[in-house]
There are 2 protein chains.
Amino acid sequence: MAAIVTRKEVAELAGVSEATVSRVFNDVGPMKEQTRQRVLQAAKTLNYHPNAIAQSFARRRSGNLGVVLPYVPKVHIFSTYYFSEVLSGIGEQVKASGYDMLLKFRVPGEESDYSSIFRSQKVDACVILGATDTPSERAELKKLEDGGFPFCLINQHMSGERFNEVDADHEGGSYRAVRHLLDLGYRDIAFLSGSPEFSNSGDRLRGYMQAMREAGLLSADAKAPGDLPAHLYYEGNYSRTSGMKAASAMHPNLKRIEAVFASNDRMAIGLMQGLREYGHVPGRDYAIVGYDDSEAARVTVPPLTSVAVPFYEMGRLAAERLLRRVGGGNETGGASESFRLKLDTKLVVRQSCRILR
Amino acid sequence: MAAIVTRKEVAELAGVSEATVSRVFNDVGPMKEQTRQRVLQAAKTLNYHPNAIAQSFARRRSGNLGVVLPYVPKVHIFSTYYFSEVLSGIGEQVKASGYDMLLKFRVPGEESDYSSIFRSQKVDACVILGATDTPSERAELKKLEDGGFPFCLINQHMSGERFNEVDADHEGGSYRAVRHLLDLGYRDIAFLSGSPEFSNSGDRLRGYMQAMREAGLLSADAKAPGDLPAHLYYEGNYSRTSGMKAASAMHPNLKRIEAVFASNDRMAIGLMQGLREYGHVPGRDYAIVGYDDSEAARVTVPPLTSVAVPFYEMGRLAAERLLRRVGGGNETGGASESFRLKLDTKLVVRQSCRILR
DNA sequence: TGAGATAATGAACGCGCGTACATTATTTTG
DNA sequence: CAAAATAATGTACGCGCGTTCATTATCTCA
């Protein structure tokens, strides 16, 4: 291992004190140009790089933005559209802000001790992905908030709390998707929901039901899955295989279903594959709209109409807001204002829904 | 911000010295059980967590595995199959080894100063993704090697060097793909290559040509793209859009092409989309084999025959080998043995190639 | 030219750990 | 029971920085 060059060696070569070396590298205080050049030359000669760990320690700041990801053994988490897009956006902002991105894997279901992530001092702020609205997770997040640790949830709203959040208008996106189907003449529109512990699943359902109520297809007080006809409500876990499973459940009812709105593209694709095995061709025998507008939506046959969610931008904004906060270093007074952003979604029309009537 | 609890406070509460607190937490030396319990109780009472930055500093070890990724502004790098799979595998191993994963983005084309990544001491070892075989990159990697910094290349072979590498048998995978087409009766088999600066592009081409030579479809001394009939060689950059572009170039020649072997699934998919616009249906009018066996291969119509590359396992093994090395802390003597692994690839047959003859 | 003001730089120490060596406590042995 | 051996714990300091306060060098002004 190559020997570590410290500022001590640089100071000796340049004939100055270590404090001067430090000042030069941090652009602090008055500095004679001649002295500065001498130091920089010595540093270059010795190929000196400040020890980042020592800097972090002395500054009491890690220079890392933590990203907390759910850990499921053997699951290729980075290959999930949502995570990969958000991470790309975070990465973009981290790079632009001169921070590093430290990934932390948290085992879901296990005692979530979020605050220990901060107490180790290894991250200055945290983006939390895959959080769920359960009492224990809420309690853990409250502890973070009470401790003044800067964090941000993405795509997970915790109503009644003042956590930092970056979310998207899933309800509006869902509403527009279903209105699109209604405008094409479809009336018997089924809904394939994702896991209910995610707030965004509830948002999608709400948008679906609002559009259906406005079209007079549901009673005015319909609010929950239980208020839907059984043949119009299905549930998966956002995976393609759960979409294929839903196809088995849906197939017997397909005489009574004209269209399907699925809560994400993967389930839509799995559903299409499953129904194709029963001889039902998407876009011809039934209409289908996905959600997320992932790359996969563009490669299916026919290409999928889907609601585009700006996950990349969500990740980028969360990182930007957090890093602005910790970079400002303005810890004056009590709890700072929380930020909550809700980004627009957009329906991208492709060939999976023909005009019916 | 919550006050930081240090071992000093724990020591006071437990009525022991700071060294004893340290010993308890590091399970070092003889320790009276009674004393140990007193310390642990005090730590729990104060909610003490060792400061990881201070630990890293004192240990002269960061506890981070660096992952170097190419940075291209606005490109959603995590959404690329190769990167996402490798990262998932690395993440799995990092979690298992009690390390953290620090992402570093490097601007390609820019002066690649890999060694500065190590000189900051912020990572103990590095996995390098997206490296290219250019003289300047080689020089930078040689500097790392000379400095004794532990790193590993993935999916990029640098012939003549002794760098740590984890690769896959692309030549063998390619060969088997083309043999499969030959076995189905196809003779006029075109090749859609990826960018030539990646070693694995050359591997794929070699496997293709070997199979074609053995079938007597190429002369015995054919070695380079120039030795191929022009209508059988195309080039893309591994993106879906470059595959669609290749479709335009290939379409006029489709009377003379029976099958296509594409260097990755994305280009295969783009090609299929492009040719479908000209009325050519994959699996019926021509056969096609992709590479990588990404998720997308499973959702196309028809599902794509593809060569499976264990990217996830490659990432996991690279991390395992590196972390074993730095964890062993055995820096005795000079340069340690480099490791080079080449994992098997496997042809996964689906419906994109019918029996021709 | 000397006093005062300002610029530039150095000395010292803290950040919160890990641990070598010294000291004290406890146990074993003759 | 005392000496020797072993177990347990404490003291002191280094890791490589950032920065406060002290000291020195330089400039300005009367």
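From a predicted model like this one, the values you see are computed outputs, not experimental measurements.
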query = Going by an N to O cut-off under 4.0 Å, is there a salt bridge joining A:Arg106 and A:Glu137?
reply = yes

task = Mind calculating the distance between CD (B:Gln121) and P (D:dC17) to the nearest angstrom?
result = 9 Å

Option from A:Tyr114, A:Phe151, A:Phe149 for which side chain to side chain contact (heavy atoms under 4.5 Å, CB included) with A:Cys126 holds = A:Phe151

request  = Return the value, rounded to whole Å, for the distance between atom CZ of B:Arg119 and atom P of D:dC17.
outcome  = 13 Å

key: A:Asn51: partners by side chain to side chain donor-acceptor pair (under 3.5 Å), with sequence neighbours left out   = none

request  = Determine, using ring centers only, whether A:Tyr48 and A:Phe25 are less than 6.0 Å apart.
outcome  = yes

ask   = Could B:Glu18 and B:Arg23 be called an ion pair, given the rule that one side-chain N must be under 4.0 Å from one carboxylate O?
value = no

task = Take atom CZ of A:Arg61 and atom P of D:dC17, then tell me their distance rounded to the nearest Å.
result = 19 Å

Test: A:Lys95 cationic atom under 6.0 Å from B:Tyr71 six-membered ring centre, within 45° of axis = yes

Separation of atom CE in A:Met31 from atom C1' in D:dA25, rounded to whole Å = 14 Å

query = Taking five pairs at each end, how big is the angle between the two axes of the helix from C:dT1-D:dA30 to C:dG30-D:dC1, to 10°?
reply = 50°

key: Residues B:Ser62, B:Gln121; criterion side-chain hydrogen bond (donor to acceptor under 3.5 Å, both in side chains); working and verdict   = CA-CA 7 Å; B:Ser62 70; B:Gln121 308 292 316; over 6 Å; no

task = Round to a whole Å and report the spacing from CD1 of A:Ile53 to C1' of D:dG18.
result = 16 Å

A:Arg340 and A:Asp167 ion-paired at < 4.0 Å = no

ask   = A:Lys32 NZ to C:dA7 C1': how many Å, rounded?
value = 9 Å

inquiry  = For the CD atom on B:Glu33, are there more than 12 heavy atoms of other groups (residues, nucleotides or ligands in this structure) within a distance under 6.0 Å?
reply    = yes

inquiry  = One character per nucleotide, please: for nucleotides 11-19 of chain C, 5' to 3', B when the base has a protein heavy atom closer than 4.0 Å, S when only the sugar-phosphate does, - otherwise.
reply    = B---BBBBB

request  = Give the rounded distance in Å between these two atoms: CD of A:Gln34 and C1' of C:dT9.
outcome  = 14 Å

ask   = When we call it a touch if two heavy atoms are under 4.0 Å apart, what does B:Thr35 touch: a base, just sugar-phosphate, or nothing?
value = sugar-phosphate

